[in-house]
Every structure is written in C-alpha cells, then in structure tokens.
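Inspection log for the structure reproduced underneath, given as structure tokens.
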Protein chains: 2
Amino acid sequence: MKPEAPPKAVLRLREAGLRPTRQRVALARLLLENGGRHITAEQLHGEARAAAIRVSLATVYNTLHQFTGAGLLREVVVEPGRSYFDTNTTEHHHFFDEAKSELLDIGGDGIVISGLPRPPSGTEVRRLEIIVRLGPDRH
Amino acid sequence: MKPEAPPKAVLRLREAGLRPTRQRVALARLLLENGGRHITAEQLHGEARAAAIRVSLATVYNTLHQFTGAGLLREVVVEPGRSYFDTNTTEHHHFFDEAKSELLDIGGDGIVISGLPRPPSGTEVRRLEIIVRLGPDRH
DNA sequence: TCAAGAAATAAGAATTATTCTAAACTGCGG
DNA sequence: CCGCAGTTTAGAATAATTCTTATTTCTTGA
C-alpha cells in the first residue's frame with residue numbers, strides 16, 4: 001500500500017478539466033516543467049520520440065490546442081505556415097529573429113503603449129501583442 | 001502617332017526595378033489604386049479573374065512576394081496557414097477581428113511604446129508590429 | 001523593325017503544416 | 001471488473017504555398 005501522490009502535471013490537467021491520459025501527462029511534463037519555451041508541433045513530437053514517449057503527431061496537435069484552450073499555453077503566429085506554442089502564458093511580448101526563426105520573450109512589465117484607438121463597436125480586445133522582428137545587424 | 005504616357009502603375013514598377021509585364025501591371029492596378037487593403041493571394045487571384053485578367057495563381061504568389069520585396073506591399077501574418085498583404089506600407093499597426101478574419105489598420109501616428117528592451121546583440125530591429133486581437137463583445 | 005537572350009508566366013506536380021476520419025484503446029465511475 | 005465516453009492512432013485528406021519545366025513575352029541592340 002503506497003498511496004502515490006499524483007504528480008504535478010496530473011493536477012494541472014485535472015484543474016484544466018482535461019483527463020490526465022498517458023500522452024497528455026507526458027507532453028505536459030515536457031512543456032510545463034521547462035518554462036519559457038517556444039515550440040512547434042513537429043518539434044514537440046520530436047522531443048517526445050527522443051524521450052521514448054509513444055505519441056502520434058495528430059495527438060500532439062490535439063494536445064497543443066487543448067492546452068491552449070485551457071490557458072496552459074499560448075499560440076504565437078509569426079511565420080506563414082507554422083505555429084509556435086509558448087509555455088509562458090503571462091502578459092509579455094516577443095522578439096522574432098527572422099534569420100534563426102526564433103522567438104524570444106520580452107517581459108510584459110514596464111511596457112506601456114499609449115495612443116491606441118478603442119476597438120470597433122461590437123468587439124473587444126482579446127489580446128494585445130507586440131512583435132519586434134529582428135534581422136542581422138548590418139554595419 | 002500617339003505617344004502614350006506610361007500609366008502610373010508602369011512607373012511604380014520600373015522605379016521598383018520590376019519589369020512591367022502585363023500581369024504585374026494589372027495586379028499593381030488592383031492593389032495600388034485602391035489603398036488600405038488587406039488581401040490574400042487567393043482573394044487577389046479571384047479579383048483578377050473577375051476583372052478578366054488572365055493570370056495564374058503561381059504568378060499571383062510570385063508577384064505578391066516581389067512587390068513585398070520591393071516595398072510596395074507589406075506581409076502580415078496573424079493566422080496560421082494564411083498570409084495577408086497590406087497595401088499600406090507606412091508605419092502603422094493592426095486590429096485583427098478573429099471572428100471575421102479581418103484586418104483593420106491602426107494609424108501609426110501618436111502611438112508610443114515605452115519600456116522595450118534593446119534587441120539582442122548581433123541583431124537589429126527590422127519592424128515593430130502591434131496586433132490587437134479582437135473577439136465579439138461579450139456582455 | 002527584328003532577332004536573340006533574359007526574364008516572366010503557366011500548368012500541374014510537389015511540399016509542408018495541419019486537420020479529419022474511422023477504428024481501436026483506455027481512464028474512470030459504478 | 002464492466003462499460004462507455006472520451007482519447008488516441010494511422011493514414012487519408014485538405015489548404016496554402018512553392019517548385020519545375022516548357023512556353024511566352026519583354027527588352028535591347030543591330
């Protein structure tokens with residue numbers, strides 16, 4: 001008799017209303033136990049395979065979207081034809097290095113935007129994102 | 001003898017170093033003579049067909065990218081799997097209505113952002129974009 | 001005005017990321 | 001331990017975009 005304490009990932013999933021299945025728990029571990037990541041579905045699938053987690057690519061996509069819906073992840077779209085998922089769900093922004101196709105967080109604290117018009121009637125703001133696109137320093 | 005003055009679109013293309021071919025001139029007219037548009041390749045192809053311009057989808061894609069490279073257009077990426085091209089190349093930002101999949105310009109004047117960190121070394125800022133994502137007003 | 005070479009276009013195949021489908025599997029309440 | 005709703009899977013399907021190759025069209029210079 002050893003009443004195992006449920007691992008943290010299992011609790012996070014339950015709180016989010018998602019059944020803690022084998023693959024969701026495994027993916028949650030990869031994602032949520034290493035903060036500050038920006039990862040594509042293919043990359044996560046690769047990491048899962050590398051970690052000997054048997055999970056299909058379709059499930060990786062499903063899971064990423066479910067996590068996003070549950071507020072565990074944030075989807076970031078900066079390149080045509082590819083989505084990144086950000087494990088940082090607090091208010092923040094991004095640098096995007098176009099040469100390396102790499103996202104970098106810009107902490108949300110201390111950033112102030114003034115002069116924005118109010119949204120058109122019938123709509124309200126869901127999220128405000130700043131993307132600072134970077135290229136190689138030409139000098 | 002009637003020494004036709006070259007239409008404006010032809011001049012714009014020449015300035016940009018692009019040969020004024022039949023299809024480029026036609027697409028330039030559709031795009032540049034109606035300011036403030038946000039259009040996808042498929043949409044532009046549709047408009048061209050509607051205007052009885054015979055042009056292939058591949059050429060529409062090529063042309064949009066060439067125009068973007070030449071600074072006549074700006075590419076805006078807000079949705080996974082689809083690119084918009086913006087005929088407004090002045091400094092400005094966007095509302096994105098997620099329900100209608102529609103972009104709206106936010107004039108760049110009077111918008112001030114403070115508190116941004118400087119870019120990582122080896123890189124420099126190519127463009128700064130603000131995207132304000134909108135959803136239906138829930139009340 | 002014409003010919004030749006360079007550049008551009010078109011049609012369809014190919015690619016890439018993602019979503020869908022239908023069947024097999026599994027966590028969980030009873 | 002049963003059963004079923006919710007999940008997962010493999011592979012097919014889709015959507016946007018890019019590539020390939022042959023053909024066509026600009027431009028230049030004789």
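All values reported here derive from a predicted model rather than from experimental measurement. Order of the sequence lines sets the chain letters (A, B, ...), proteins ahead of strands, with each chain counted from 1.
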Starting from P on D:dT8, measure out to CG on A:L64 and report it in whole angstrom. 12 Å

Write down the distance between CD (B:E42) and P (D:dT17), rounded to a whole number of angstrom. 7 Å

dist A:T59:OG1 -> A:I53:CD1 (nearest 0.5 Å) comes out at 12.5 Å

Tell me: CZ of A:R14 to P of D:dG6, nearest whole Å? 17 Å

Does A:T59 place a side-chain N or O at less than 4.0 Å from the phosphate oxygens OP1/OP2 of D:dT8? no

Could you tell me how far apart B:R49 (CZ) and C:dA11 (C1') are, to the nearest whole angstrom? 13 Å

If you assign A:P80 and A:G17 each to the DNA chain D nucleotide with the nearest heavy atom, which residue ends up on the more 5' nucleotide? A:G17

What distance separates A:I113 CD1 from A:H93 NE2, expressed to the nearest 0.5 Å? 5.5 Å

Show the distances under 3.5 angstrom between N or O atoms of the protein and N or O atoms of nucleotides 4-7 of chain C.
residue: C:dA7; atom: O4'; partner: B:R19; partner atom: NH2; Å: 3.2

Taking only N/O atoms, report every protein-nucleotides 28-30 of chain D pair under 3.5 Å with atom names and distance.
none

Salt-bridge criterion met for B:R12 and B:E15 (N-O under 4.0 Å): no

Taking for B:Q23 and for B:F85 the nucleotide of DNA chain D with the nearest heavy atom, the one nearer the 5' end belongs to B:F85

Modelled atom types, side-chain donor and acceptor of A:H38 and A:D105, under 3.5 Å: yes

From the list D:dC19, C:dT18, D:dT27, which nucleotide is the closest neighbour of the side chain of B:A58? D:dC19

Mark yes or no for whether B:R24, through its side chain, and B:R19, through its backbone, hold a donor-acceptor pair below 3.5 Å. yes

Nearest-angstrom distance from the residue atom CG of A:L57 to P of C:dA17: 10 Å

How many Å lie between CZ on B:R82 and P on C:dT18, as a whole number? 14 Å

Closest to the B:T21 side chain: C:dA17, C:dA8, C:dT18? C:dA8

Verify salt bridge (Lys or Arg N to Asp or Glu O under 4.0 Å) between B:R126 and A:E98, making sure each step is shown before the conclusion. CA-CA 9 Å; B:R126 282 291 147 75; A:E98 300 192 327; 5.6 Å; no

Between B:T123 and A:G135, is there a donor-acceptor pair closer than 3.5 Å when you use the side chain of the first and the backbone of the second? no

May I ask you to decide whether A:R138 forms a salt bridge with B:E124, counting only side-chain N to carboxylate O separations under 4.0 Å? yes

With a 4.0 Å cut-off on heavy atoms, is A:P20 in touch with a base, just the backbone sugar-phosphate, or nothing at all? sugar-phosphate

Checking the side chain of B:Q43 only, and the main-chain atoms of B:T40 only, is there a donor and an acceptor separated by less than 3.5 Å? yes

Between A:R37 and A:N88 (side chain of the first, backbone of the second, donor and acceptor by atom type, cut-off under 3.5 Å), is there such a pair? no

NE2 of B:H45 versus P of D:dA15: gap in Å, rounded? 17 Å

Of the options D:dT18, C:dT18, D:dT9, whose atoms approach the side-chain atoms of B:Y61 most closely? D:dT18

Whether over 12 other heavy atoms sit under 6.0 Å from B:E91 CD: no

For the CZ atom on B:R54, are there more than 12 heavy atoms of other groups (residues, nucleotides or ligands in this structure) within a distance under 6.0 Å? no

Any protein N or O atoms within reach of nucleotides 22-24 of chain D? Criterion: under 3.5 Å, listing atom names and distances.
none

Testing C:dT18, C:dA10, D:dT9 for proximity to the side chain of A:A41, the answer is C:dT18

Could you check how far OH of A:Y84 sits from C1' of C:dT16, rounded to whole Å? 14 Å

Can a donor-acceptor pair be found, under 3.5 Å and without considering hydrogens, that links the side chain of B:H45 to the backbone of B:A41? no

Of the listed nucleotides (D:dT27, D:dA10, C:dT18), which one gets closest to any side-chain atom of A:S83? C:dT18

From D:dT18, D:dT9, C:dA17, nucleotide with atom closest to B:H65 side chain: D:dT18

